[in-house]
Amino acid sequence: MIAQRLSARRLHQLLGQWRGDGHSYHELSESIVLLVRDGGIPSGSVLPAERPLAEELRVSRTTVAAAYQRLRETGAAVSRRGSGTVIRARRPAAESEWDPAATGEVDLCRAAPSPWSGLPALGQRALAEHASAFQLEGYDTIGHPALRSAIAERYTRRGLPTDPTEIMVTLGAQHAIFLIARALLRRGDRSLIESPSYPRAREALAAAGALIGELPVGRSGYDAAGMLRIAATTAPRLSYLIPDQHNPTGLSMPPELRAQLIATLTAQGGYVIADETTAELALGHPGLVTPFAVSAPHAHQRDMILTVGSLGKTVWGGLRVGWVRATPDLIAQLESARRVGDLGTGTWEQVMATLALEEYEDILAARSSELSASHRVLLAEVQARFPGWRLSQAAGGVSVWADLGEACSSRLSRSAAQLGLILPPGPRFGSPGVFEQYLRVPFTLPVAELAPAMALLEQAWDGRGNARPGPVDRDSPVI
Ligand SMILES: Cc1ncc(COP(=O)(O)O)c(C=O)c1O
């Protein structure tokens with residue numbers, strides 16, 4: 001990889017509002033580390049020379065030299081003769097470091113439940129019953145017939161009759177969203193996404209060159225009139241919705257809005273992605289969730305809906321299995337678009353996924369009771385520690401959306417990061433600059449870890465006034 005040399009000016013921009021006075025070398029090195037972790041500075045980047053950076057930031061050269069020294073001592077950078085100080089992304093050095101607890105941080109950028117505890121037994125069963133899968137050729141861009149049938153059968157049971165030819169298995173839901181965006185959008189096409197929403201979907205639409213408009217979802221509910229007005233005036237080519245257990249609010253779209261929204265979004269030939277990655281994570285007693293496409297008033301409108309699902313949040317993020325449900329014509333289009341970038345979903349993952357679907361009701365029931373317990377604790381913690389916050393009334397999903405009562409989300413996030421609690425600020429869930437008054441608070445941590453995390457958040461809240469704007473305001477690997 002060709003090393004990218006960062007100019008002093010560029011690094012200053014990335015660091016945000018960096019004033020000359022009162023910054024320690026420690027703060028500078030920590031801010032650079034956060035930028036590396038968030039993806040703002042790629043591994044291999046060469047940092048600016050000390051003198052121009054000191055001049056740009058209006059700090060002494062000794063401060064910059066000490067910050068660089070600290071980066072080298074902690075392994076975040078290395079010195080290369082002739083190049084200077086080069087950023088090195090830190091990878092787990094030993095196997096034990098694959099354990100996230102080893103970092104000492106609580107990372108809530110990933111609002112994902114713990115891996116389902118039945119996975120080792122499922123793996124053993126897969127080996128005992130399906131070792132013949134090792135004789136298959138692999139290279140499967142559409143999905144194994146048994147898995148496609150199991151997925152189709154589940155849709156049918158949920159009220160949306162589905163044939164296996166309407167299913168394509170993917171490498172998770174994100175892969176499916178990206179493929180759909182790439183296959184259906186052309187540069188400059190209009191698209192719509194709820195606001196707030198899952199940030200990686202917005203990135204997939206943007207990567208396909210779409211112009212992105214927003215459908216407002218408030219903390220306390222859907223702005224149905226606003227959504228329908230925007231849908232009617234935008235005439236989008238592709239819209240992305242999370243109709244059930246929405247990420248980040250945990251809300252579900254009211255039934256009466258669904259049919260009208262589908263009719264409006266598809267009126268001029270627009271497609272709709274219904275992302276159901278979190279749809280079956282219910283609080284309380286899980287029942288069968290009716291798929292969004294069932295609300296389509298007419299069959300031709302239903303055909304414009306591409307339903308995306310995944311085992312990432314229900315079973316395990318490490319089982320990279322998701323899918324798309326769409327007409328066979330659209331599936332064929334997606335499959336040919338796919339071959340440019342990957343040659344199929346792993347055979348073994350598909351065996352595991354097929355077996356997991358056999359036990360899906362039990363898995364969902366276990367998830368529901370874990371998430372309900374964590375949600376209860378979270379509500380009590382927030383009420384006790386942050387009485388001024390107002391939370392969305394989540395019916396399920398992985399998080400609540402908190403109105404903080406003041407526009408301080410980025411400062412809070414930065415203050416939390418300094419305590420080892422990594423939480424993306426509200427603006428990560430919308431377009432830049434909005435949602436400074438909001439924070440996504442996941443309830444995916446086990447009950448025993450939630451209270452300590454909330455204690456850290458309280459400490460961060462108390463210290464938010466001293467946290468300077470910085471890197472976490474921009475980008476973090478949020479899922
Ligand atoms: C709404 C939503 N869609 C898609 C994804 C990505 O899922 P997968 O891990 O299956 O790619 C996530 C993960 O956070 C999500 O919350």
Side-chain angles (χ1 to χ4, degrees), residues 107-116 119 143 147 151 167-182 192-207 215 217 238-253 272-282 289 291-292 305-325 334 338 341-342 345-346 349-350 352-353 356-357 360 363 367 371 392 394-401 422-424 428-430 440-445 476-479:
D107 188 347
L108 293 180
C109 286
R110 291 176 185 80
S114 329
W116 172 54
L119 281 166
L147 180 54
I151 295 166
I167 302 292
M168 178 171 90
V169 176
T170 61
L171 301 162
Q174 181 63 32
H175 179 224
I177 298 162
F178 180 70
L179 262 183
I180 296 169
R182 228 192 50 197
L192 283 174
I193 185 167
E194 288 150 330
S195 177
S197 186
Y198 164 60
R200 298 270 169 227
R202 177 187 290 267
E203 288 167 9
L205 297 174
L215 296 166
V217 179
L238 179 65
S239 303
Y240 169 87
L241 305 173
I242 311 175
D244 287 288
Q245 335 291 17
H246 171 262
N247 181 0
T249 63
L251 299 175
S252 289
M253 193 182 286
V272 179
I273 299 177
D275 183 349
E276 293 195 334
T277 301
T278 50
E280 296 200 80
L281 296 173
V289 175
F292 180 69
I305 300 175
L306 297 98
T307 305
V308 167
S310 167
L311 299 182
K313 301 243 165 165
T314 51
V315 180
W316 182 31
L319 191 61
R320 301 304 306 153
V321 174
W323 56 84
V324 184
R325 181 207 180 272
L334 294 176
R338 167 181 196 165
D342 79 275
T345 311
E349 278 77 1
Q350 295 196 61
M352 292 282 285
L357 284 174
Y360 213 44
I363 296 173
R367 278 286 176 237
L371 288 169
S392 57
V398 288
S399 57
V400 289
W401 188 232
I422 314 299
L423 265 171
R428 285 291 286 125
F429 298 86
R440 179 180 77 170
V441 192
F443 45 82
T444 43
L445 281 181
S476 42
V478 182
I479 61 164

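Just follow the structure's listing: the first ligand is 1, and inside any ligand the first atom is 1.
Here the side chain of Ser399 pairs a donor or acceptor atom with the backbone of Pro248 at under 3.5 angstrom. In this structure a side-chain-to-backbone donor-acceptor pair under 3.5 Å is present from His246 to Pro196. Using a distance-only test at 3.5 Å, with no hydrogens or angles considered, a donor-acceptor pair links the side chain of Arg367 to the main chain of Thr314.
Scanning all protein heavy atoms for the shortest distance to atom 6 (C) of ligand 1 gives Tyr198 OH, 3.3 Å. Summary of contacts: the protein heavy atom closest to atom 9 (O) of ligand 1 is Arg320 NH1, 3.0 Å.
Close approach of ligand 1 to Lys313 (heavy-atom distance below 4.0 Å) involves ligand atoms 13 (C), 14 (O), 16 (O). Taking a cut-off of under 4.0 Å to the non-hydrogen atoms of Gly172, the atoms of ligand 1 that pass are 10 (O), 11 (O). Listed by number with element, the atoms of ligand 1 under 4.0 angstrom from any heavy atom of Ser310 are 8 (P), 10 (O).
Annotation: Asp275 places an N or O atom under 3.5 Å from an N or O atom of ligand 1; distance criterion only. Residue Gln174 places at least one N or O, backbone or side chain, under 3.5 Å from an N or O of ligand 1. Inclusion of Ala173 in the set of residues having an N or O under 3.5 Å from an N or O of ligand 1 is warranted. For ligand 1, the polar-atom distance check finds no N/O of Thr278 at less than 3.5 Å from any of the ligand's N/O atoms.
If you look at His175 next to ligand 1, there are no close heavy atoms at all, none under 4.0 Å. Residue Ile242 touches ligand 1 through its side chain alone, judged by heavy-atom distances below 4.0 Å. Residue Arg200 does not touch ligand 1, judged by heavy-atom distances below 4.0 Å.
Taking 4.0 Å as the cut-off, Arg110 does not count as a neighbour of ligand 1 on heavy-atom distance.
Between Val321 and the choices Ile151, Val169, Leu171, the side chain to side chain contact (heavy atoms under 4.5 Å, CB included) rule is met once, by Val169.
Atom 16 (O) of ligand 1 has its nearest heavy-atom neighbour, among Thr170, Asn247, Thr277, in Asn247.
Going from atom NE2 of His175 over to atom OG1 of Thr345 covers 7.0 Å, rounded to the nearest 0.5 Å. Distance check, rounded to the nearest 0.5 Å: OH of Tyr240 to CD1 of Ile177 gives 4.0 Å.
Classified by interplanar angle (parallel below 30°, tilted 30° to 60°, perpendicular above 60°), the ring pair Phe429/Trp401 is perpendicular.
For the pair Met168 and Leu179, the minimum side-chain heavy-atom distance is below 4.5 Å. In this structure, the side chains of Met352 and Trp316 stay at 4.5 Å or more apart for every pair of heavy atoms.
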